[in-house]
Amino acid sequence: MTDKKQLKARIRARMAKTGESYTAARRHIVGADDVPRDGSWAFQGGRHPYTSVVARLTGVSEPLVFLAGGGIGAGYILWEFKHHDTAVLTLGFRNTWQYHDRWLDRTLERLDVSYDTEQTGGAKGAAKRLAQELDAGRPCVVVPDQQRIGYWRLPAFLDGHGGHPVIAYGRAGGFIKVDDRGRAPILVPEERMQEARGRVSSYKNALWVIGEAKPDLAAAVREGLRDCHRHLTQKSDSFSLPAWRKWARTMTDAKHAKGWPKVFADGRGLAGALLSIWEGVEPVGIDGGNLRDLFADGLSQAAGLLGEERLAGLAAEFTRIHGMWHELAEAAVPAEVYGRARELTAAIRQAVLEEGEAGEAEAAELWELRARLDAEPADADFADLGARLLAIHEAETAAVARLGEIV
């Protein structure tokens, strides 16, 4: 038990320090590992919730699934809720990040995967359909609300803020068995799963039953890369590459309605926004990070698949850009100021992966700490963060132009 605790502490410390995912940090410390199982179900982990469910159920590598789905995206929105006196930062790093259903359907179709999908307002009918599929031995992709599902131990004010796809692969004793990129089953009471699936109206009770995959991988990846180029050369300053330029400008614009110097004029609420940068950019939170490293791995694999060596050079550039995002996160949330919040965030992710549920004490401490930090005035070098964002925008714009020349 002591050895296990020491290993967890070392993995957690590396995650908080480097921004690596749990899987990557664990691999660096203990090397290759066996695949944990729950009966016939093998836990294969995963880096991003969307790509991992498709990879696990089709056998296609996660980096190539990411490419087939359209690769990286860009999105920035700063929401202000005056009645709560709060600002919420939303970042998007995947193609079509704001539409989970469109991404899943399009990716499965490109990979020539047979599937059946359903979305219904009827809770009882949705629960019955899920139970029937699981009892027949057919795993399903569902999209529960992250707060309602329970195992992340999120605070009540995040109820209804949404969630990501997970695999429901079985049920027993009144529980649904869930795989959320971990190494152990997550057991969710059937009633709670029913509530969580029905919480968000835009994807209420959505379900996918995925069948056989017979992909022409080269064709799927090529079309996905073309889609990536088309998507990121659009003019939208919320849902395409101009979003980073817009964000950079609002970091220093005190007159802009959404300028950070104006929104966070007294410093209150700033800590929460900064922590949202770190949690969104680094792969230690819930959603998988900035994904430029996953894209780079996909490009490296696609170079051989498509017989296009220029993609290998582009992969190296996106690895460099991934490092730029990491440096931005470090500048926004330095360890010497926010070290405990970073450690707790990594610890919660690790607990879900290893044990199927976040620790109650650690989750309570994290959200109490975040509330306290958010209520106090905080500081940030807006000019430095803005300059870093502009550099990222320029680098990604140039890299996407190179992608367009190749595909």
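Taking 4.0 Å as the cut-off between side-chain N and carboxylate O, R340 and E343 count as a salt-bridged pair. Salt bridge D227/R110: present, at least one basic N to carboxylate O contact under 4.0 Å. Ionic pairing of E62 and R181 is not present here: no N-O contact between side-chain nitrogen and carboxylate oxygen is shorter than 4.0 angstrom.
In this structure, NE2 on H393 lies 11.5 Å from CE on M324, to the nearest 0.5 angstrom. Distance check: R292 CZ to I72 CD1 gives 4.0 Å after rounding to the nearest 0.5 Å. In this structure, CD in E365 is found 13.5 Å from CZ in R370, a value given to the nearest 0.5 Å. Here the straight-line distance linking atom OG of S240 with atom NE2 of H231 works out to 5.5 Å at 0.5 Å rounding. Note: L154 CG to Q146 CD = 6.5 Å, rounded to the nearest 0.5 Å. Of the inter-residue distances, the one linking L187 atom CG with Y151 atom OH reads 11.5 Å to the nearest 0.5 angstrom.
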**Request:** I would like to know whether S114 and E212 meet side-chain hydrogen bond (donor to acceptor under 3.5 Å, both in side chains); could you show each step before the answer?
**Result:** CA-CA 6 Å; S114 63; E212 188 177 2; over 6 Å; no
**Request:** List the steps and the verdict of salt bridge (Lys or Arg N to Asp or Glu O under 4.0 Å) for D237 and R245.
**Result:** CA-CA 8 Å; D237 61 6; R245 183 177 59 203; over 6 Å; no
**Request:** Check the pair E405, R402 against salt bridge (Lys or Arg N to Asp or Glu O under 4.0 Å), reporting the backbone distance first and the verdict last.
**Result:** CA-CA 5 Å; E405 293 170 0; R402 285 174 58 188; over 6 Å; no
**Prompt:** So D179 and W41, side-chain hydrogen bond (donor to acceptor under 3.5 Å, both in side chains) or not? Walk me through it.
**Reply:** CA-CA 9 Å; D179 184 347; W41 184 261; 3.0 Å; yes
**Request:** Could you please spell out the steps behind the side chain to side chain contact (heavy atoms under 4.5 Å, CB included) verdict for R230 and Q234?
**Result:** CA-CA 7 Å; R230 287 193 300 267; Q234 294 176 359; 5.6 Å; no
**Item:** side chain to side chain contact (heavy atoms under 4.5 Å, CB included) between V284 and W278, intermediate numbers included
**Value:** CA-CA 9 Å; V284 298; W278 188 78; 3.3 Å; yes
**Chi angles and distances behind the side chain to side chain contact (heavy atoms under 4.5 Å, CB included) call for K255, K262** = CA-CA 7 Å; K255 296 182 179 180; K262 182 175 182 178; over 6 Å; no
**Message:** side-chain hydrogen bond (donor to acceptor under 3.5 Å, both in side chains), that's the test. Do W325 and E330 meet it? Break it down for me.
**Reply:** CA-CA 9 Å; W325 278 107; E330 288 289 320; over 6 Å; no
**Message:** Between R388 and E327, does the side chain to side chain contact (heavy atoms under 4.5 Å, CB included) criterion hold? Intermediate values first, please.
**Reply:** CA-CA 9 Å; R388 290 177 184 274; E327 291 167 1; 3.7 Å; yes
**Message:** Assess the residue pair E376 and R268 against the criterion (salt bridge (Lys or Arg N to Asp or Glu O under 4.0 Å)); give the C-alpha distance rounded to whole Å, side-chain angles, the decisive distance to 0.1 Å, and a yes or no.
**Reply:** CA-CA 5 Å; E376 299 171 353; R268 291 178 174 81; over 6 Å; no
**Item:** Stepwise salt bridge (Lys or Arg N to Asp or Glu O under 4.0 Å) test for D145 and R197
**Value:** CA-CA 6 Å; D145 179 70; R197 290 182 62 206; over 6 Å; no
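R94 forms a cation-pi arrangement with Y50, by the criterion of a distance under 6.0 Å to the ring centre and an angle within 45° of the ring axis.
In this structure, a donor-acceptor pair under 3.5 Å is present between the side chains of N290 and H322. Side chains of D116 and W208: a donor-acceptor N/O pair is absent below 3.5 angstrom, by distance only. Side-chain contact of Q301 with S61: a donor-acceptor pair under 3.5 Å is present, judged by distance alone. Between T120 and R129, the side chains place no donor N or O within less than 3.5 Å of an acceptor N or O (distance only, hydrogens not considered).
A donor-acceptor pair under 3.5 Å is formed between the side chain of E308 and the backbone N or O of R310. Remark: the backbone N or O of A358 is paired with a side-chain donor or acceptor of R153 at under 3.5 angstrom. With D112 contributing its side chain and P215 its backbone, the two residues share no donor-acceptor pair below 3.5 Å. Proximity of a side-chain donor or acceptor of Q119 to a complementary backbone N or O of S202 within less than 3.5 Å is detected. Using a distance-only test at 3.5 Å, with no hydrogens or angles considered, no donor-acceptor pair links the side chain of D159 to the main chain of Q147.
Using a 4.5 Å cut-off on side-chain heavy atoms (C-beta onward), I176 and V178 make contact. Put simply, the side chain of C228 reaches to within 4.5 Å of the side chain of L403, judged on heavy atoms. Proximity of L217 to L111: side-chain heavy atoms (C-beta onward) are separated by under 4.5 Å at one or more points. Put simply, the side chain of I286 does not reach to within 4.5 Å of the side chain of R349, judged on heavy atoms. Here the side chains of H48 and D287 are not in contact, with every heavy-atom distance at 4.5 Å or above. Side-chain contact between L130 and L207 is present, with heavy atoms from C-beta onward closer than 4.5 Å. No side-chain heavy atom of T51 sits under 4.5 Å from any side-chain heavy atom of R47. With a 4.5 Å cut-off on side-chain heavy atoms, Y115 and E109 count as touching.
The local environment of CZ in R102 is sparse, with at most 12 non-hydrogen atoms from other residues, nucleotides or ligands closer than 6.0 Å. Residue K204 qualifies as open at atom NZ: its count of foreign heavy atoms under 6.0 Å is 12 or below. Around CD of E191, the count of heavy atoms belonging to other residues, nucleotides or ligands within 6.0 Å does not exceed 12.
You'll find the ring centres of W244 and F93 inside the 6.0 Å limit. Aromatic pair Y203/H100: centroids less than 6.0 angstrom apart.
What you find for P165 and L104 is that their closest heavy atoms are CG-CD1, 4.1 Å. Scanning both residues, A335 and R342, for their nearest heavy atoms gives N-NH1, 3.6 Å. Nearest heavy-atom pair, G269 versus F264, reported as atom, atom and distance to 0.1 Å: O-CE2, 3.5 Å. Across A363 and I348, no two heavy atoms sit closer than the pair CA-CD1, 3.7 Å. When all heavy atoms of F175 and P189 are compared, the pair lying nearest together is CD2-N, 3.6 Å. For the residue pair A172 and K177, the shortest heavy atom distance occurs at CB-CE, 4.3 Å.
Classified by interplanar angle (parallel below 30°, tilted 30° to 60°, perpendicular above 60°), the ring pair W247/Y76 is parallel.
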